[in-house]
Amino acid sequence: MDLRFTADQRDFRDEVRTWLAENIPAEPLPPMDTPEGFEAHRGWERILFDAGWSVVNWPEAYGGREVGLVEWLLFEEEYYRSGAPGRVNTNGITLLGPTLFAYGTPEQHERFMRPMAAGDEIWAQGWSEPDSGSDLASISTRAIRDGDDFVLNGQKTWCSRGAWADWMFCIVRTDPDSERHRGLSYLLVPADSPGLERRPVGRLDGEPAFAELFFSDCRVPAVNLLGEEGQGWSVAMATTSSERGLNLRAPGRFLAAAGRLADLYRRASAEHDVDPGVLDQVVRAWMAADAYRWQTYATASRLQAGGELGASASMMKVFWSELDVELHATALRLLGSHGELVADAPEAVDAGSWMSGYLFALSGPIYAGTNEIQRNIIAERVLGLPRK
Amino acid sequence: MQFSFTDDQVMFAETVRDILANECPPSAVRASWEDPDGRVPGLWETLAATGVLGVAAPEAHGGLDMSTLDLVLPLEEFGYAACPEPVAEHAAVAIPLLSGHAAGPVADEWLGRAAEGTALLTAGSPTDAFVLAAERADLALLCADDEVHAVPAGSYTAVAQASVDHARRLARVDWTRGPDTLLSDDPAVVREVLDRGALAAAAQAVGVGRRLLDLTVAYVAEREQFGRPVGVNQAVKHHCSNVAIALEFAGPSVHKAAWSCAQGEGPEGGDPSLDVSTAKVLASDAVDLACRAALQCHGAIGYTIEHDLQLWLKRGWALSASWGDAAFHRRRVGEALAAG
């Protein structure tokens, strides 16, 4: 065991830190989930890509640097510490990306990876349906083979970035007589497909960050299947492990937030008396972020030795999502009556970012499989408790 | 960055685990409650033969000259077995303190016998009122203000204080400070006593938590009500999952703190005391949760003195509170965070 970063890793970290300090936009970008904000964030992805920072752990052929897992974690730590803009193509890069590498054909790699890395094609996830949330295997959107195409009919919902994304990665039922996990396929759908209608849905903060997708005899070329027809469930499960574990929400995000929370505490306590109980909560949040960081580095070592993430990703998902809620709730307690102010308020602290962060954090225990479902998965697949 | 144990470290822990499984089953832990010294007959000698007691002692004194990092996995096993022997205080606190700070004659007098197990050392926490195994020990490391003293058994009196965990033989220790027993008057050494003890308690607490979870998972998978195992119910599953999550994140935190203590600084140059405090908080909170969930999931049978669950419940409560409870260690980190 040696928990120090190597000289190369420290050099890499310094290079990331320096580049970010010199290149982060001077003015904050407009909110990501507005038409102008979406394009501004797409532009930032291009800047990252051109400098080789958009997908550091990917092969060089697709714009990456082929760095290891530890370097990627370091990149994430620096990225969030720097306060750089949010990543508009996270769903593509961290959820679809690893699945495409694992299940895609060489032709699909050539077609999709580079535009994804460059932000030329922003991806949204089309999985949930009005009647299929936690129970993903119950989805009913149909895709029936017709010549070289699939013909899609049905509805998807809660598609983050779905209003303006260029592509959707969807799970659809290609065998109309199938039930549950069988007969599903994983299909890549262009947003401009005829027969696909999108409607933005306002999130809790009012931004149209979701979309509903309506498919009416929507034709999608069959070459856009990812994996074999009927193999969709197992391909999808590869994504869920990425989604729940370290890929989507690396510890850097929470370490940075915990650091800012400690700073907020120091500012607040310099101005007025802060209840010692609130400091205790600040410490809890800080320790949880630290624990997630080191559990992740331990996991990285395990993966590098040939281990698998598997269902333990569910433990990570519950842990980071709940720590994020507690961390932001603690910040709002520190802010007192300023806590409810949003960005437009003249006296908003930190541009209202703690409330917007709180609103976002509250979605964590819901998306990517609710934490109740995660706890079932932990009980059944990690601990081996009986399903029935 | 390599966050994993060596094969040797893992095998050493497995050796300890096998010994404890054979020589320290629940019946032996239970029998220790009736033993005058709280001992498991023969166990101390078997452990001594493996070298685990003298892991941290210098080779010149018959030890293995290894570090906290080599002890942390075996300490988890002592918790997993609810071992009554005071291995942590002896091997993980007193021996490394004497090895690092004792003058030649004191080290010569004690370290060799401690490493081979013929002398028992104990240590008192600056946070706690009572000292484990003080009546039975030959030498106690005791803190007073900024001083640490190594006090031979004849120079202190011990008044037994019965613990809810009868395997833990606690005592109020009365002694008088003098130049003969002074080990160090450096406050950093008092902090080292606390850090080593808190880390050892945290590692044992993680082991206790794992045993509680294993016992609970086995019980709820087998116990049937309404014609099916109680463990099919989500309410029960979620209790178990919460414990699994807490332990999953406490473990690496404890291992990182062990590495930091062995190095004398954190991975990025931080204060190892803060790593220890973080580890103790996560371990204390995890074992507290494990105790509550295990008892609730066992129902009334777990509330009986006949069921073995109580051996780990009581050890869990004790380890959570000793060497600084979660609130103490959060405050220690809080002071550092508040100062910036």
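When reading the values below, keep in mind they use all heavy atoms of this one structure, side chains included, and skip hydrogens, waters and symmetry mates. Residue numbers start from 1 in every chain, and the chains themselves are labelled A, B, ... in the order their sequence lines are given, proteins ahead of strands.
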Checklist entry - Pick from Val282(A), Leu3(A), Ile378(A): which one has the most heavy-atom pairs with chain B under 4.5 Å? => result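 Highest number of heavy-atom pairs under 4.5 Å: Leu3(A).
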Item to check | chain B contacts, top residue of Ala379(A), Pro386(A), Pro276(A), Ala305(A) (heavy-atom pairs, under 4.5 Å) | outcome: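 Ranked by contacts with chain B, first place is Pro386(A).
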Checklist entry - What pairs with Ala283(B) under side-chain contact (heavy atoms from CB on, under 4.5 Å), at least two apart in sequence or on another chain? => result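 Partners of Ala283(B) by the side-chain contact (heavy atoms from CB on, under 4.5 Å) criterion, ordered by chain and then number, come out as Ala202(B), Ala205(B), Val206(B), Val254(B).
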Side chain, backbone, both or neither of [X] within contact of chain A (heavy atoms, under 4.5 Å):
X: Ile245(B); result: both
X: Ala339(B); result: backbone
X: Leu213(B); result: side chain

Checklist entry - Which bit of Leu279(A) comes within less than 4.5 Å of chain B, counting heavy atoms only: side chain, backbone, both or neither? => result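 Answer is side chain: those atoms of Leu279(A) sit under 4.5 Å from chain B.
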Checklist entry - What distance do Met1(A) atom CE and Phe3(B) atom CZ have between them, rounded to the nearest 0.5 Å? => result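 With rounding to 0.5 Å, CE (Met1(A)) is 5.0 Å from CZ (Phe3(B)).
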Checklist entry - Which heavy atom in Val217(B) sits nearest to a heavy atom in Leu383(A), and how many Å separate them? => result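 Looking at all heavy atoms of both residues, the closest pair is CG1-O, 3.5 Å.
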Checklist entry - What closest approach, in Å, do Met1(B) and Phe5(A) show between heavy atoms, and which atom pair accounts for it? => result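 Shortest heavy-atom separation between Met1(B) and Phe5(A) comes out as CE-CE2, 3.3 Å.
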Checklist entry - Are side-chain heavy atoms of Val220(B) and Leu385(A) found at a separation under 4.5 Å? => result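 Yes, close enough: below the 4.5 Å cut-off.
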Pairs of donor and acceptor atoms under 3.5 Å between chain B and chain A, please, with atom names and distances.
{"unit_1": "Met1(B)", "atom_1": "N", "unit_2": "Arg4(A)", "atom_2": "O", "d": "3.0"}
{"unit_1": "Gln2(B)", "atom_1": "N", "unit_2": "Asp2(A)", "atom_2": "O", "d": "2.7"}
{"unit_1": "Gln2(B)", "atom_1": "O", "unit_2": "Asp2(A)", "atom_2": "N", "d": "2.8"}
{"unit_1": "Phe3(B)", "atom_1": "N", "unit_2": "Ser301(A)", "atom_2": "OG", "d": "2.8"}
{"unit_1": "Ser4(B)", "atom_1": "O", "unit_2": "Met1(A)", "atom_2": "N", "d": "3.4"}
{"unit_1": "Lys237(B)", "atom_1": "NZ", "unit_2": "Glu380(A)", "atom_2": "OE2", "d": "2.6"}
{"unit_1": "Lys237(B)", "atom_1": "NZ", "unit_2": "Pro386(A)", "atom_2": "O", "d": "3.0"}
{"unit_1": "His238(B)", "atom_1": "NE2", "unit_2": "Glu372(A)", "atom_2": "O", "d": "3.2"}
{"unit_1": "His238(B)", "atom_1": "NE2", "unit_2": "Asn376(A)", "atom_2": "OD1", "d": "2.7"}
{"unit_1": "Ser241(B)", "atom_1": "OG", "unit_2": "Arg375(A)", "atom_2": "O", "d": "2.6"}
{"unit_1": "Ser241(B)", "atom_1": "OG", "unit_2": "Ala379(A)", "atom_2": "N", "d": "3.3"}
{"unit_1": "Asn242(B)", "atom_1": "OD1", "unit_2": "Arg375(A)", "atom_2": "NE", "d": "2.5"}
{"unit_1": "Asn242(B)", "atom_1": "OD1", "unit_2": "Arg375(A)", "atom_2": "NH2", "d": "3.1"}
{"unit_1": "Glu248(B)", "atom_1": "OE2", "unit_2": "Gln295(A)", "atom_2": "NE2", "d": "2.7"}
{"unit_1": "Trp259(B)", "atom_1": "NE1", "unit_2": "Met1(A)", "atom_2": "O", "d": "3.3"}
{"unit_1": "Glu268(B)", "atom_1": "OE1", "unit_2": "Arg293(A)", "atom_2": "NH1", "d": "2.9"}
{"unit_1": "Glu268(B)", "atom_1": "OE1", "unit_2": "Arg293(A)", "atom_2": "NH2", "d": "3.3"}
{"unit_1": "Glu268(B)", "atom_1": "OE2", "unit_2": "Arg13(A)", "atom_2": "NH1", "d": "3.1"}
{"unit_1": "Glu268(B)", "atom_1": "OE2", "unit_2": "Arg293(A)", "atom_2": "NH2", "d": "3.2"}
{"unit_1": "Arg330(B)", "atom_1": "NE", "unit_2": "Asp280(A)", "atom_2": "OD1", "d": "3.0"}
{"unit_1": "Arg330(B)", "atom_1": "NE", "unit_2": "Asp280(A)", "atom_2": "OD2", "d": "3.2"}
{"unit_1": "Leu337(B)", "atom_1": "O", "unit_2": "Arg266(A)", "atom_2": "NH1", "d": "2.7"}

